[in-house]
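Along the sequence shown, residues are numbered consecutively beginning with 1.
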Amino acid sequence: MTLLITITILLGIIVLARLMTIVQLSSELTGSSDSQEEQVRHNNSNGFGFIVFMVLGLGLFIYMTIDYSKHLLPVSASEHGVGLDKLLNINWAIIGVVFFITQIALFYFSYKYRDNKKHEAYFYPENYKLELIWTIVPTIVLTTLIITGLKQWNGIFSEKENSMNVQVYGYQFAWITRYSGPDNTLGKSNYKLITDDNPLGLDASDPAVKDDIYTTGNEMHIPLGQELKFQFNARDVIHSAYFPHFRAQMNLVPGMNTFFSFKPTITTAEMRKITGNDKFDYVLLCNKICGVAHYTMKMKVVVDTPADFKAWLKSQKKASEVKAAPPVSALNNTANGSNSI
């Protein structure tokens, strides 16, 4: 921050000096000034200033990119995230190369072709070959990136065999997770059945509900190497379930079921060794501004070994313990279908 403040002050001084020069030049011009040499001198100093600004700006860009890289996310902890990171790095590499080429050309040409009365600008209205090159090359690059991105997207949302069904339920300002039981089917739910004892509105008359397991604590566990299919639901407003370390995010829309799948590949204990941080934890965040306490909508995510996950799951509350509720069919104007929260 000290470096940024220093640079800002220096740039402010330079801008002030240039403004004073412009004012002086303006007064000379309006007073039938003489000096063509004075104009050339200012053009030369401005051209040199462009080069200095370019070197300082690109140098600062490189320095900050390296310095702030320590704040980036660690390696992806999901199977699909590795491919996403690779694609993102390719995008940044292309953007970086184009950025440096265009910025260097911009400032260098401003310096080289400044008005110094020794040459005149060359009128160059068209060059079909050049226009063809800068149209076709970006088209090929962008098309390749889009196709690669779509392949990644389709891979994420394709149905996977033997997926464990997990519901992530968001409301202002907390999360609830529900796990399917041995039948691997999430039982029916309905917003009209929501009570303090039944926060998910589970329909106790549905046999598929009986073996479901859910937790209202501020901690979610998932097993290593298990394909997980998440169903997302919201009670009140739009939320967004964001798993930054797994490179996964999906909106939660009231009245809709949305889905996302991923497979954890690194346990919490292993990631703590990778990051060198004994206090590291995966997190589930809300990535939509959903109200005044939006910033508190956070849940700890723990990736366990399969054995540890099974032991944890057994300690959680079963849906069969939910107080009996009338069947959905007994309610007036009740939406049909499963999971209609």
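Side-chain N or O atoms of N165 include none that pairs as donor or acceptor with a backbone N or O of S180 at under 3.5 Å. Panel note: side chain Q316, backbone L313; no donor-acceptor pair is recorded below 3.5 Å. Side chain of S315 to backbone of W312: a donor-acceptor contact under 3.5 angstrom is found.
Distance check, rounded to the nearest 0.5 Å: CD1 of I14 to CD1 of I9 gives 12.0 Å. Taking CD1 of I101 as the reference point, atom CG of L106 lies at 13.5 Å (rounded to 0.5 Å). Note that CG of N46 is 10.0 Å distant from OG of S110, once rounded to the nearest 0.5 Å. The line from CD1 of I66 to CZ of F61 is 10.0 Å long, rounded to the nearest 0.5 Å. To the nearest 0.5 Å, atoms CD (E79) and CZ (F262) are separated by 12.0 Å. Rounded to the nearest 0.5 angstrom, L193 CG and K188 NZ are separated by 11.5 Å.
Side-chain atoms of N198 and T195 form no donor-acceptor pair, as typed in the model, at a separation below 3.5 Å. Side-chain contact of D85 with S76: a donor-acceptor pair under 3.5 Å is absent, judged by distance alone. A side-chain donor-acceptor contact under 3.5 Å links N257 and N233. Side-chain atoms of N218 and K300 form no donor-acceptor pair, as typed in the model, at a separation below 3.5 Å. Using modelled atom types and a 3.5 Å distance limit, the side chains of N162 and E227 yield no donor-acceptor pair.
Side-chain contact between T215 and I176: absent, with no pair of heavy atoms (C-beta onward) separated by less than 4.5 Å. Contact of the H239 side chain with the Q172 side chain is registered, since non-hydrogen atoms from C-beta on lie closer than 4.5 Å. Counting only heavy atoms from C-beta outward, the side chains of P264 and L228 approach each other to under 4.5 Å. Using a 4.5 Å cut-off on side-chain heavy atoms (C-beta onward), Y179 and F309 make contact. Counting heavy atoms from C-beta on, the side chains of T143 and T139 come closer than 4.5 Å.
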Run the numbers on Q152 and L87 for side chain to side chain contact (heavy atoms under 4.5 Å, CB included), then give the verdict. CA-CA 9 Å; Q152 287 284 344; L87 182 60; 4.3 Å; yes
Side chain to side chain contact (heavy atoms under 4.5 Å, CB included), that's the test. Do N190 and D203 meet it? Break it down for me. CA-CA 7 Å; N190 188 279; D203 184 355; over 6 Å; no
Kindly indicate, with the supporting measurements, whether the criterion side chain to side chain contact (heavy atoms under 4.5 Å, CB included) is fulfilled by M297 and C290. CA-CA 9 Å; M297 198 165 171; C290 56; 3.9 Å; yes
Go through it in stages, so that I can follow the logic: the residues are V301 and I222, the test is side chain to side chain contact (heavy atoms under 4.5 Å, CB included), and I'd like the CA-CA distance, side-chain angles, deciding distance and then a yes or no. CA-CA 7 Å; V301 179; I222 51 179; 4.0 Å; yes
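Atom CD1 of I238 has 12 or fewer neighbouring heavy atoms from other residues, nucleotides or ligands inside a 6.0 Å radius. Enclosure of atom CD1 in I289 is not indicated, since only 12 or fewer non-hydrogen atoms of other residues, nucleotides or ligands lie within 6.0 angstrom. More than 12 heavy-atom neighbours from other residues, nucleotides or ligands sit within 6.0 angstrom of NZ on K70. For F100, the CZ atom counts as densely surrounded, since its 6.0 Å shell holds more than 12 non-hydrogen atoms of other residues, nucleotides or ligands. Residue F280 qualifies as enclosed at atom CZ: its count of foreign heavy atoms under 6.0 Å is above 12.
We find that D212 and R178 are joined by a salt bridge, their nearest charged nitrogen and carboxylate oxygen being less than 4.0 Å apart. We find that D183 and K210 are not joined by a salt bridge, their nearest charged nitrogen and carboxylate oxygen being 4.0 Å or further apart.
Criterion: ILVMFWY side-chain heavy atoms under 4.5 Å apart, direct or through other members. Under it, M64 and V55 are part of a common hydrophobic cluster.
For Y169 and Y214, the distance between ring centers is not under 6.0 angstrom. Proximity of the aromatic rings of F246 and Y282 is defined here by a centroid distance below 6.0 angstrom, and this criterion is met. Taking the centre of each ring, F50 and Y108 stay at or above the 6.0 Å mark. Ring centroid separation for the pair F173 and Y295 does not come in under the 6.0 Å cut-off. Taking the six-membered ring for Trp and the full ring otherwise, the centers of F232 and F259 sit at least 6.0 Å from each other. Ring centers of W92 and F99: at least 6.0 Å apart, outside the cut-off.
In this structure, R114 forms a cation-pi arrangement with Y111, its terminal cationic atom sitting closer than 6.0 Å to the ring centre and no more than 45° off the ring axis. No cation-pi contact links K229 to F260, judged by a cut-off of 6.0 Å to the six-membered ring centre and 45° from its axis. For the pair R235 and Y171, the cation sits on the ring face: its NZ or CZ lies under 6.0 Å from the ring centre, inside 45° of the axis.
Screening T268, D308, T177, D304 for a side-chain hydrogen bond (donor to acceptor under 3.5 Å, both in side chains) involving H221 leaves a single residue, D304.
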